[in-house]
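See structure below.
Bear in mind that the values here come from a model prediction, so they are computed numbers and not experimental data. Just so it is clear: chains get the letters A, B, ... in the order the sequence lines come, proteins before strands, and each one is counted from 1.
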Amino acid sequence: MNDPTRPDPDEILASIRKDEEREHRGKLKIFFGMCAGVGKTYSMLKAAQLEKSKGTDVVIGYIETHNRKETNDLIGDLEMIPRRSFEYKGSSLFEVDIEQIIQRKPRLVLIDELAHSNAPGSRHLKRYQDVQDILDNGIDVYTSLNVQHLESRADTVAQITGIIVRETLPDEIFESAEEIELVDLTPVELLQRFDEGKVYSPQQTREATRNFFRKGNITALREMALRIVADRVDSQLRQYMRQKRISGPWKSGLRLMAVINQSSQSINLIRWAKNLANTMGAGLVALYIEPSGKLSKIQQEKLSRNILLAKQLGAELITTSGNDYVKTVLNIARKENISHIVISKPRKPNLLATHRLNSYINRLIEHSGNIDIYVMGSNVENDDKTREYSSLLSYSSGFVQYFISGLITILTALAFYPFKAVLGYQVVSFAMLFMISMLAIFYGIGPILLSAFLCAILWNYFFIPPEFTLHISKAEDVLMLGMFFIIALLNGILTTRVRKQERLTREREERTNALYQLTRDLSHASGIEEVISVSIKAIRKSFNLESAFFLPGNNSELGEKLYAETDIVINEADRSIASWVYYHSGKAGKFTDTLPSSSYTFYALNGNKLKPGVVALLHKQAMNIDMDLFWNTFRTQVSNAIEREFLNSLALKASILNESEKLYKTLFNSISHELRIPVATIMGASDTMLNVDLDKSTFRQLSDEIFTASERLNRLIENLLNMSRLESDRIKPHADWQDVHDLAGKVLRTLKKELENFKTDVVIPDSLPLVKLDFGLMEQILHNLVLNATQYAPPKTTIRIKMYFDAGFLFMEVMDRGPGFNDLSIPFVFDKFYRADNSVPGGTGLGLSIVKGFVEALNGSVKVENRKNGGARITVKVPTITSTLEIKD
Amino acid sequence: MNSENLILVIDDEIQIRRLLDITLSANHYSVIVAANGKEGLISAATHKPSMILLDLGLPDEDGQSILKKLREWYTLPIIVLSVRSSEEDIITALDNGAMDYLTKPFRSGELLARIRSAMRLAQNENAQNPILNFNSLSIDLTGHVVKKNDEIVKLTSTEFTMLALLAKNEGKVLTHQFILKEVWGHGYLEQTQYLRVFIAQLRKKLEDDPANPAYILTESGIGYRFASQ
């Protein structure tokens, strides 16, 4: 009943009712926009014209064109219902004439500005109420609405824009609309339209853009509008899925990446990104870029807090390092197939940082291509003073770099010029060297060269006497200039090399990361298909290459099974190369000496024991040594994983086969024997009784045989039924208060006949209180144990039943003086169909395994052991509670 | 026909019907058989048997509902036959007015014993004998005196009420709920602890071997039965 995928009947009913209501009612379509001027009326008229061209009876109930030309033109020949005028404080106000419209009864009516408040004296206070009346009369309505008029958003709008919206529309009306069409325009385009005077008159425009229509406002309103519509789509989708019993979620295929650091802002960023990801149905990745500098202890703590939060919110965490923030972010984003990047706007402690900030955000946007960038605002005033190491290093070689390094060089020269008399021209050279060193930290070799060259010239021209010439009079100055130039160059080269080194380290780290991730993913994957799909994805991610796997089939011929994405085409020649590689355990194909004409390179997969197959890569260019090494390691991992799956499936197959064969044999032997013997007895005995004249005592004997045989059959059936109940998990204990004395008594009474030749001894302390247990199950357990004892113990011996309560458990022991268990067989006595070597005929080997099943159903345990003076002891231990009830009579 | 000893067997299995017919006839009962519920209801109305053996698994209608229909007018004993099924079915049947139950397969001796005690109980109810005698036990219902081997056994009033209830229904299975309701009242239907404690006390006082009782027998998961032999 509590099947979560089952659609809620109430929901279905409600939806049917809604549908029915809608059948009779007109349909409401809202053209929804972020603010005035986005073209709602325009879109509405266009849609109306389209309807009209299809032959729909369309009229205009109320249209506000604001005298916009394009809009006016669109009205064309659409019929207009005259508005009704109201006199108010000496002026005329015009409103929708509901009666006229209802009387006219068109199929569709256009009524602009749904949130409008009617003039005093109208039928309703609000226009949406008019619209409700019209809808009730079965007329469809097209209308327009701005996001700020939605009641639930009015507060937010007031916060954002500082303007209090008075004309609001209940959300319910909005939600009840049959269709919402979002009319969207980018803020830039909208402002352009304002500028072009397409929305308001020039005077109004100036007024409006100063107050309401600022770019920030518009963006915020736009986001709000987009989100509302997105939520609506989402809830419709969910409703649809619930009704059709589709288990979600439907992946939108989007992946969102939040770039986090140790700042407190990252908390908001992660939360916000999570919400966004939820709304979009996207996956969430959190990226942390290790800064080049060391973090303080406090920063470390904050960082782990942020990372923890990201993980808690289900984000996949990626850690990388890199000195070019923008490149690193975008690299990872491409690799991870990210569709949206979310970053936070760092707080701005100084002018320089602001400059850098803008620069890297701009660059991020500029290079992001088809990836969307979201920049989240910052409201943390006094955040930790984390220096933005990464952004500090964010410049890449480009024209700007040349320009800036040139500029800085000239500025430095200018700055020192007035002091050259005081400092001496040699000191200036040091200052310049210092400046070049600084530049080298940020810039590539080109700009440094430029700067060094420029410095040499400037120093020579302006500082080295004779001034304002390139001529140098003293020999040591020539030497100095030469050395200056060399040092400057070395500086630049060394720094660049260090940075290159750093990049290599990062690459290595990324590879280690990729390998680690591969190992992890592979270890999670189960089954060959999954392992290969993980591998193909990993190859695509780490090498940006498409791949195909050839695996041997049942007769160990290669190529029987091919795993590849659909866009990979493998021809006969490729297959034969794969076979060749498989048998020679090497590589062949493109970029090798063997069969280089193929478009793929084939590598054999080499496991520890097996040759699990061949992988083919669709190379575009040959791998460098580094890459090749990485690929070898990578391939080993994949090989091992595939080999593991192979071995697993082989082992599993073997064990399943073995197990089922054994089980079948045992079952067959045991059951067929157990069934045949009593049936043979019954048939034989009854046949004799029918056909032979017997004396009374023989007749009795035969009847007795029949009776015994049928009891045996009955017991077998009983056991088989219990076994199948156990295996289908249908045993549901019903605990109730029981007197265990009663339990023993009942079992002994039922087994009276079997116990005829034995002495029985029941040891239960008188003080044993009531226990809460399932009587039926306990009875069957004890029954089977005692019955088992009667089958092994020699006659005249004592079978003892002992029960006691200790520390939350009821213990039940059954002891006999039979031969006991063979030590080797003890681990198997509870196995199905297991029969002891010395067992007597008449059992099925099911009795004890049923005991075990029942005991486990009661969350208990059972063990067997041999008694010191001979015989077996089986102890059942089940958790229970005892009664503390004091009954006074 | 002597309706005093007439037993109606309602069972869809021909072998069981035949077996019961032979067994019961051999024990001097007259037998009529019905193969389904509808036939059974008609037979019961036309022949007015002194006892009905009703199988719960009938092809045309649920045995429980046949039982209810019979009980609308039929007051004599009905013994329910069922395959080894859940205790709930049996309890339901007892609640619906069955006097006793037997699970298939059963021994003929057991069946005959049940039939005899059910017949006796049906007659005893009319007799209203104030003193009940069972082997070594005698219970004076009006004088509230219980004697074992002619010695007075001291019982508390609750113990006596319970013993009297069981003894008056000798041979009949009384469900836990029924006993709790009769002895303690409606508010105690879940108090199986009371029941266990008092049964244990009664056995200690009345039975020769309380661990292996002869009078108060346990019916696993269903209730208790007072046995006369």
Task: Residue B:Asp150 excluded, over 12 heavy atoms near CG under 6.0 Å - done: no
Open item on the list: For A:Lys696, is the NZ atom crowded, meaning more than 12 foreign heavy atoms sit under 6.0 Å from it?
Closed with: no
Open item on the list: Report which part of B:Ile199 has an atom under 4.5 Å of a heavy atom belonging to chain A: side chain, backbone, both, or neither.
Closed with: neither
- [ ] Check each atom of A:Asp742 against the heavy atoms of chain B and say whether the ones under 4.5 Å are side chain, backbone, both or neither.
- [x] both
Open item on the list: Please check this pair: side chain of B:Arg196 against backbone of A:Trp737, looking for a donor-acceptor N/O pair closer than 3.5 Å.
Closed with: yes
Open item on the list: For the CZ atom on B:Arg71, are there more than 12 heavy atoms of other groups (residues, nucleotides or ligands in this structure) within a distance under 6.0 Å?
Closed with: yes
TODO: Please step through side chain to side chain contact (heavy atoms under 4.5 Å, CB included) for the pair A:Glu711 and B:Arg107, ending with a clear verdict.
DONE: CA-CA 10 Å; A:Glu711 274 196 317; B:Arg107 302 176 192 197; 2.7 Å; yes
Task: Side chains of A:Lys772 and B:Gln193 in contact at under 4.5 Å (non-hydrogen atoms) - done: no
TODO: With rounding to the nearest 0.5 Å, note down the distance linking OG1 in B:Thr192 to CD in A:Gln738.
DONE: 7.5 Å
Task: Segment of A:Leu770 engaging chain B (4.5 angstrom heavy-atom cut-off) - done: side chain
Open item on the list: I'd like to check B:Ser220 versus A:Lys746 (side-chain heavy atoms, cut-off strictly below 4.5 Å). Are they in contact?
Closed with: yes
Open item on the list: A quick test of your reading: do over 12 heavy atoms of other residues, nucleotides or ligands sit less than 6.0 Å from CE of A:Met689?
Closed with: yes
TODO: Look up atom CZ in B:Arg203 and atom CG in A:Asp739, then write down how far apart they are to the nearest 0.5 Å.
DONE: 7.0 Å
TODO: Could you tell me the separation between the CG atom of B:Asn212 and the OG1 atom of A:Thr760, rounded to the nearest 0.5 Å?
DONE: 7.5 Å
TODO: Using a cut-off of 6.0 Å, state whether more than 12 heavy atoms not belonging to B:Lys148 lie near its atom NZ.
DONE: yes
Task: Atom OH of B:Tyr188 with >12 non-hydrogen neighbours under 6.0 angstrom - done: no
- [ ] Please say whether more than 12 non-hydrogen atoms of neighbouring residues, nucleotides or ligands are located less than 6.0 Å from CZ in A:Phe805.
- [x] yes
